[in-house]
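Notes follow the structure.
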Amino acid sequence: EDFKQIIDSGFYYVDKTMLIYELLHDGGQNNLITRPRRFGKTLNFSMLRYFFDITEKDNAYLFDGLKISEHFDEIKMYRNTHPVITISLKCAKQNNYQMAINKIRLEIQEQFKKYRYVWESDAIDKKDRHNAEKIMLDDSKDDVLSDSIKILSSCLKQYYGVNTIILIDEYDVPLESAYFNGY
């Protein structure tokens, strides 16, 4: 499921890097990628993260020699230039509502911790910084948690000066789990 691990280990990889090109040229602001199970969505999300994530510049080599490298001059303005929030809702596969919410909270907190250095910047609005600290300390109420991705995205834009890319994997798991467990 990890693009870097597959490339670095020399495993067989079916090159799907032109998905990046397609999203940049034909995609909208919001894209929903639905495919059959076991089609490689999680691996594709990992690939997108390594391509766009501003914190992954050391891993730019992963795309060398792949199909997308034929278009590097055309798309270099996007390569490792955006903060990326990655959330997998697979964690919400729980037997009850509160356990699912707690797991989602932990998943979101990990994203806040990834960008811990951002909170020390004077570029971040004080209210946003305060809410971020509450979320990281698990001192947040559900009203703050419900806006957590928006807060994180806003803070990252304040810090980096560019829009944030948000990748949400396994988006259907909370709904499916709630349906089958009756909550």
Side-chain angles (χ1 to χ4, degrees), residues 1-4 20 23-24 27-34 41-42 44-60 75-178 181 183:
E1 294 183 348
D2 184 63
F3 180 71
K4 180 178 177 6
I20 298 165
L23 287 172
L24 290 173
Q29 183 176 358
N30 302 298
N31 294 282
L32 175 64
I33 300 172
T34 59
K41 293 181 298 292
T42 300
N44 284 338
F45 278 14
S46 174
M47 174 192 66
L48 292 171
R49 180 176 61 87
Y50 282 110
F51 185 85
F52 289 109
D53 198 334
I54 199 165
T55 66
E56 294 290 348
K57 290 182 180 183
D58 292 344
N59 291 312
I75 60 173
K76 64 184 171 192
M77 68 187 103
Y78 300 103
R79 193 170 180 191
N80 299 114
T81 56
H82 289 74
V84 176
I85 299 170
T86 55
I87 296 178
S88 172
L89 295 180
K90 186 194 287 189
C91 63
K93 189 172 188 171
Q94 302 297 322
N95 293 330
N96 66 61
Y97 174 79
Q98 196 56 52
M99 286 174 60
I101 291 296
N102 289 342
K103 292 291 188 176
I104 292 171
R105 177 180 282 119
L106 290 172
E107 184 77 16
I108 291 170
Q109 285 174 325
E110 287 303 312
Q111 290 301 298
F112 275 80
K113 290 174 184 175
K114 172 184 174 184
Y115 293 104
R116 184 179 315 261
Y117 57 90
V118 169
W119 316 124
E120 298 169 5
S121 170
D122 291 334
I124 307 303
D125 176 78
K126 288 182 182 182
K127 183 178 179 185
D128 287 341
R129 183 181 304 133
H130 176 71
N131 285 333
E133 289 170 357
K134 285 176 25 179
I135 291 167
M136 284 189 295
L137 293 171
D138 199 27
D139 191 24
S140 59
K141 303 288 183 237
D142 284 347
D143 61 327
V144 175
L145 187 63
S146 67
D147 289 334
S148 59
I149 302 303
K150 183 178 179 181
I151 293 166
L152 179 56
S153 181
S154 173
C155 290
L156 292 173
K157 183 170 184 173
Q158 292 169 49
Y159 185 82
Y160 286 108
V162 294
N163 287 332
T164 303
I165 294 172
I166 302 170
L167 302 173
I168 302 174
D169 197 12
E170 303 286 350
Y171 67 91
D172 58 328
V173 170
L175 299 173
E176 182 181 81
S177 187
N181 289 294
Y183 62 88

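Residues Tyr171 and Leu32 meet the side-chain proximity criterion, which asks for heavy atoms closer than 4.5 Å. The closest side-chain heavy-atom distance from Ile168 to Ile149 is not below 4.5 Å. Thr55 has its side chain within reach of Lys114: a pair of non-hydrogen atoms, C-beta onward, lies under 4.5 Å apart. The closest side-chain heavy-atom distance from Arg129 to Asn131 is not below 4.5 Å. Counting only heavy atoms from C-beta outward, the side chains of Tyr115 and Tyr117 approach each other to under 4.5 Å. Leu23 is listed as a side-chain neighbour of Leu48, based on a closest heavy-atom distance under 4.5 Å.
What you find for Leu152 and Gln111 is that their closest heavy atoms are CD2-CB, 3.8 Å. Between Gln94 and Tyr183, the shortest heavy-atom distance links the atoms O-OH, 3.3 Å. When every heavy atom of Cys155 is checked against every heavy atom of Val118, the shortest pair comes out as O-CG1, 4.1 Å. Between Val173 and Ala92, the shortest heavy-atom contact is CG1-C, 4.1 Å. Listed here is the closest heavy atom pair of Asp125 and Gln158: N-OE1, 2.6 Å.
Between the NZ atom of Lys134 and the CD1 atom of Ile151 there is a distance of 8.5 Å, given to the nearest 0.5 Å. The CG atom of Leu24 sits 12.5 Å away from atom CZ of Arg79, with the distance rounded to the nearest 0.5 Å. Atom CG of Asn181 is separated from atom CG of Asn96 by 8.0 Å, given to the nearest 0.5 angstrom. Note: Gln98 CD to Lys103 NZ = 12.5 Å, rounded to the nearest 0.5 Å. Taking CD1 of Ile166 as the start and OG of Ser153 as the end, the distance is 4.5 Å to the nearest 0.5 Å. Atom OH of Tyr50 sits about 13.0 Å away from atom CD1 of Ile20, to the nearest 0.5 Å.
With hydrogens and angles ignored, the 3.5 Å screen pairs no side-chain donor or acceptor of Asp147 with any backbone N or O of Lys150. In this structure a side-chain-to-backbone donor-acceptor pair under 3.5 Å is present from Asn31 to Gly28. Of the possible donor and acceptor atoms, one in the side chain of Glu107 sits under 3.5 Å from a partner among the backbone N and O of Ser88. Under a 3.5 Å cut-off, the side chain of Asp169 and the backbone N or O of Ile87 do not form any donor-acceptor pair. Distance alone, capped at 3.5 Å, places no donor-acceptor pair between the Glu56 side chain and the Arg49 backbone. Counting only distance, with no hydrogens or angles, the side chain of Gln109 and the backbone of Ile135 share a donor-acceptor pair below 3.5 Å. Not one N or O on the side chain of Asp53 forms a donor-acceptor pair closer than 3.5 Å with the backbone of Asn80. A distance-only check finds no donor-acceptor pair linking the side chain of Thr164 to the backbone of Pro83 [under 3.5 Å].
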Please test Phe51 against Ile75 for side chain to side chain contact (heavy atoms under 4.5 Å, CB included), starting from the C-alpha separation and ending with a verdict.
CA-CA 11 Å; Phe51 185 85; Ile75 60 173; 3.6 Å; yes

Can you check side chain to side chain contact (heavy atoms under 4.5 Å, CB included) on Glu170 and Thr42, steps first, answer last?
CA-CA 8 Å; Glu170 303 286 350; Thr42 300; 4.0 Å; yes

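More than 12 heavy atoms of other residues, nucleotides or ligands shown are found within 6.0 angstrom of NZ on Lys113.
Of the N and O atoms on the side chains of Tyr160 and Thr81, not one donor lies less than 3.5 Å from an acceptor on the other residue.
Residues that satisfy the ring-ring contact (aromatic ring centres under 6.0 Å, His included) test with Phe3, not counting sequence neighbours, are Tyr13, Phe63.
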